[in-house]
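Below is one structure, written out as structure tokens, with a few remarks after it.
Start at 1 with the first residue, then count along the sequence. No experiment lies behind these values; they were computed from the predicted model shown.
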Amino acid sequence: MGVARPAEAGDRASQRPVVGMVGAGQLARMTAQAAISLGIDFRVLADTPDDSAAQICAGTRTGNYRSADDVLAFGAGCDVVTFDHEHVPGDHLSALEDLTAVRPGGPALRFAQDKGAMRDRLSALHSLQELGVRCPRYRRVGSMAEIAEFAGAGGGGSGWPVVLKATSGGYDGKGVWICDNEDAAADVLAHGLGLIAEEYVPFDRELAVLVARSPKGQGAVYPVVQTVQEDGICREVIAPAPGLDPKVATAAQRAGLAIAAELGVTGLLAVELFELGDELIINELAMRPHNCGHWTLDAAMTSQFEQHLRAVLDLPLGAPRMTAKTAVMVNVLGGADPDLHSRLVHVMAADPGVKVHLYGKAVRPGRKVGHVTVAGQDVTRLRDRGWRAANYLSHGTEEPAEGGQPPTGGGPAGRGRPDGRHS
């Protein structure tokens with residue numbers, strides 16, 4: 001593992017706090033920017049020097065998060081270690097906790113790494129039941145007979161489709177399959193993955209709530225947002241979620257805070273939700289900065305990245321309230337032409353109020369390479385501005401690419417197709 005010169009032991013008393021983040025993607029890149037304002041010595045463990053955060057972070061170490069030696073050597077020089085993904089093996093986390101503070105810790109991260117464990121734990125929480133928040137019906141499955149039983153009336157099911165999820169390793173819709181019949185489910189089983197089956201939820205729309213929690217137990221919660229997904233990738237976030245019943249919004253926020261406390265989360269927790277009538281159904285958890293909170297960089301008193309640093313360092317949390325009535329964030333996906341910077345002139349001249357964030361990542365079609373945020377009063381107008389800017393950065397025209405701009409509701413995959421993943 002390539003390691004920069006460690007600080008001298010005698011200097012530690014007068015040093016700034018050292019926060020290390022395992023992973024060096026765009027989440028780490030934006031956290032590094034927040035660390036500058038707080039005077040924090042921020043370091044990342046990057047796979048390569050070309051990783052998004054490694055390009056701009058002076059405290060970059062190169063190494064493999066799957067290697068215990070690399071992770072432990074990185075953590076030994078940090079006051080606190082945190083993460084921009086959930087994939088560090090549990091054994092490495094346990095060993096790391098013997099060296100330094102790990103936030104969130106291994107016992108909490110387990111519930112973000114193992115969907116079966118997460119469903120078991122959340123389904124047993126009376127605090128969620130009292131709020132009217134639930135998990136979808138689910139079952140661990142390892143055979144076609146078990147999947148068919150889950151879908152059938154004998155298993156309490158409502159028939160096909162059935163959602164199959166890999167118990168570990170999935171993100172951005174990967175590891176999620178919506179199976180319309182037994183043949184599709186058999187194709188998924190052939191991958192040899194650990195799986196859970198979940199009921200198909202014909203949701204009205206997708207929501208997310210982002211909370212922060214410190215080791216002392218202080219909590220902060222951001223407004224509930226609406227997310228719009230396409231092909232398993234978040235394309236748009238609207239803050240706050242338009243037209244959301246205040247009672248439902250409060251239930252979602254209280255649920256987020258309750259989950260963080262019950263699971264012992266320190267740092268950020270994002271809870272992805274399905275809204276179905278007056279029900280809130282938990283989809284996924286993430287214990288790190290999250291795409292649903294990128295808008296906070298430009299339209300909240302405290303960005304999610306600063307909030308995460310405050311939380312893992314056990315500093316007082318910042319105000320999560322919005323600085324505008326409404327904000328819209330649209331992700332910029334890679335297109336055929338990789339030269340994003342040549343298109344910045346048009347975007348900046350056409351709408352000086354658009355905030356552009358590019359991640360320095362190699363451009364590939366469909367890959368998240370940046371995002372834009374607009375804030376103001378009228379959500380319809382803001383959505384139009386955000387999509388025009390994102391479209392132009394992606395493919396050189398303000399009009400939607402083939403397939404169109406996702407609608408405000410269930411997304412282009414159709415109402416209630418969770419994650420847009422089909423098998």
Evaluate the side-chain contact (heavy atoms from CB on, under 4.5 Å) criterion for residues His294 and Met30: first the C-alpha distance (whole Å), next the side-chain angles of each, then the deciding distance (0.1 Å), finally the verdict. CA-CA 9 Å; His294 287 357; Met30 289 181 275; 3.8 Å; yes
> Looking only at atom types and distance, does a side-chain atom of Arg29 sit under 3.5 Å from a main-chain N or O of Ala53, one as donor and one as acceptor?
Replying inline: no
- Note, Val133 side chain near Ile282 side chain (heavy atom, < 4.5 Å): yes
Q.
Does Arg367 qualify as a cation-pi partner of Tyr359, given the criterion of NZ or CZ under 6.0 Å from the six-membered ring centre and within 45 degrees of its axis?
A. no
Looking only at side-chain N and O atoms, does Lys361 offer a donor or acceptor that is under 3.5 Å from a partner on Gln26? yes
Practice problem: Examine distances only and state if a side-chain atom of Arg343 and a backbone atom of Leu393 form a donor-acceptor pair shorter than 3.5 Å. | Solution: yes
Under 3.5 Å donor-acceptor, Arg310 side chain and Pro316 backbone = yes
Q.
Once you measure the plane-to-plane angle for Tyr222 and Trp295, does it fall in the parallel (<30°), tilted (30-60°) or perpendicular (>60°) bin?
A. perpendicular
Are the side chains of Phe111 and Met287 in touch, meaning some heavy atoms are under 4.5 Å apart? yes
The reported gap from OG1 in Thr397 to OH in Tyr392 (rounded to nearest 0.5 angstrom) is 8.0 Å
message = Treating Thr296 as the side-chain partner and Gly293 as the backbone partner, does any N or O pair qualify as donor plus acceptor under 3.5 Å?
response = yes
Residues Val372 and Gly386: closest non-hydrogen pair is CG2-O, 3.5 Å
Looking only at heavy atoms, the pair that brings Leu164 and Cys179 closest together is CD1-SG, 3.8 Å
Distance col, row Phe42:CZ vs Leu309:CG, nearest 0.5 angstrom, shows 6.5 Å
Item checked: Polar side chain donor-acceptor pair, Ser127 to Gln129, under 3.5 angstrom -> no
(message) Are Met21 and His308 packed together at the side-chain level, in the sense that at least one heavy-atom pair is separated by less than 4.5 angstrom?
(response) yes
Val162/Ile178 under side-chain contact (heavy atoms from CB on, under 4.5 Å): CA gap, chis, key distance, verdict:
CA-CA 6 Å; Val162 166; Ile178 299 173; over 6 Å; no
Which of Glu284, Glu272, Gln304 passes side chain to side chain donor-acceptor pair (under 3.5 Å) with His290? Answer is Glu272
> Within the side chain of Glu97, is there an N or O that forms a donor-acceptor pair under 3.5 Å with the backbone of Gly106?
Replying inline: yes
* Asked: Just wondering, do Met118 and Asp120 contact through their side chains at under 4.5 Å, heavy atoms?
  -> no
Item checked: Validation row: Thr82, Pro104 side chains within 4.5 angstrom (heavy atoms) -> yes
Sorted by chain and residue number, the side-chain hydrogen bond (donor to acceptor under 3.5 Å, both in side chains) partners of Asp51 (sequence neighbours excluded) come out as Thr48
Which of Lys165, Arg139, Arg134, Arg137 passes salt bridge (Lys or Arg N to Asp or Glu O under 4.0 Å) with Glu199? It is Arg134
Review point. Does Phe274 offer a backbone N or O that forms a donor-acceptor pair with the side chain of Asn283 under 3.5 Å?
Key: no
So does Lys216 pair up with Asp314, basic N to acidic O under 4.0 Å?
yes
Subject >> Side-chain touch Pro400/Asn391, heavy atoms, less than 4.5 angstrom >> reply: yes
query = Counting distance only, does the side-chain N/O of Gln253 pair as donor-acceptor with the main-chain N or O of Val209 below 3.5 Å?
reply = no
One should read off an interatomic distance between Cys57 SG and Gln33 CD, to the nearest 0.5 angstrom, of 10.5 Å
What do the steps show when you test Ile196 against Glu198 for side-chain contact (heavy atoms from CB on, under 4.5 Å), and what is the final call? CA-CA 6 Å; Ile196 59 171; Glu198 292 185 353; 3.4 Å; yes
Next on the checklist: Can a donor-acceptor pair be found, under 3.5 Å and without considering hydrogens, that links the side chain of Arg140 to the backbone of Gly116?
Outcome noted: yes
Minimal heavy-atom distance between Ala390 and Asn331, with the atoms involved, is CB-O, 3.9 Å
Handout entry: Any side-chain heavy-atom pair of Met329 and Asn291 under 4.5 Å
Key = yes
Query raised in the report: Run the side-chain hydrogen bond (donor to acceptor under 3.5 Å, both in side chains) check on Asp180 and Tyr200 step by step: do they pass?
Result: CA-CA 10 Å; Asp180 292 315; Tyr200 165 73; over 6 Å; no
Item to check | Side-chain donor or acceptor of Glu130 paired with backbone N/O of Leu125 under 3.5 Å | outcome: no
From the list Leu210, Leu317, Val211, Leu269, side chain to side chain contact (heavy atoms under 4.5 Å, CB included) partner of Val221 resolves to Val211
With distance as the sole test, does Thr167 use its side chain to make a donor-acceptor pair with the main-chain N or O of Leu195 at under 3.5 Å? no
The side chain to side chain contact (heavy atoms under 4.5 Å, CB included) partner of Val19 among Ile40, Asp79, Asp41, Val81 is Ile40
Check your understanding: Does Asp91 CG have over 12 foreign heavy atoms under 6.0 Å away?
Key -> no
- Message: One pair to check against salt bridge (charged side-chain N to carboxylate O under 4.0 Å, His left out): Asp384 and Arg388. What are the steps and the verdict?
- Response: CA-CA 6 Å; Asp384 181 68; Arg388 285 182 179 277; 3.1 Å; yes
* Hey, does Met301 have a side-chain heavy atom less than 4.5 Å from the side chain of Pro320? -> no
Margin query: Aromatic contact between Tyr65 and His85, with the criterion being ring centroids under 6.0 Å apart: yes or no?
Written below: yes
Note: Leu382 and Gly376 closest approach over all heavy atoms is CD1-N, 3.5 Å
Between Ile233 and Lys368 the two heavy atoms that sit nearest each other are CG2-CE, 3.5 Å
dist Thr373:OG1 -> Arg385:CZ (nearest 0.5 Å) comes out at 11.0 Å
Do Asp298 and His357 have side-chain N/O donor and acceptor atoms under 3.5 Å apart? yes
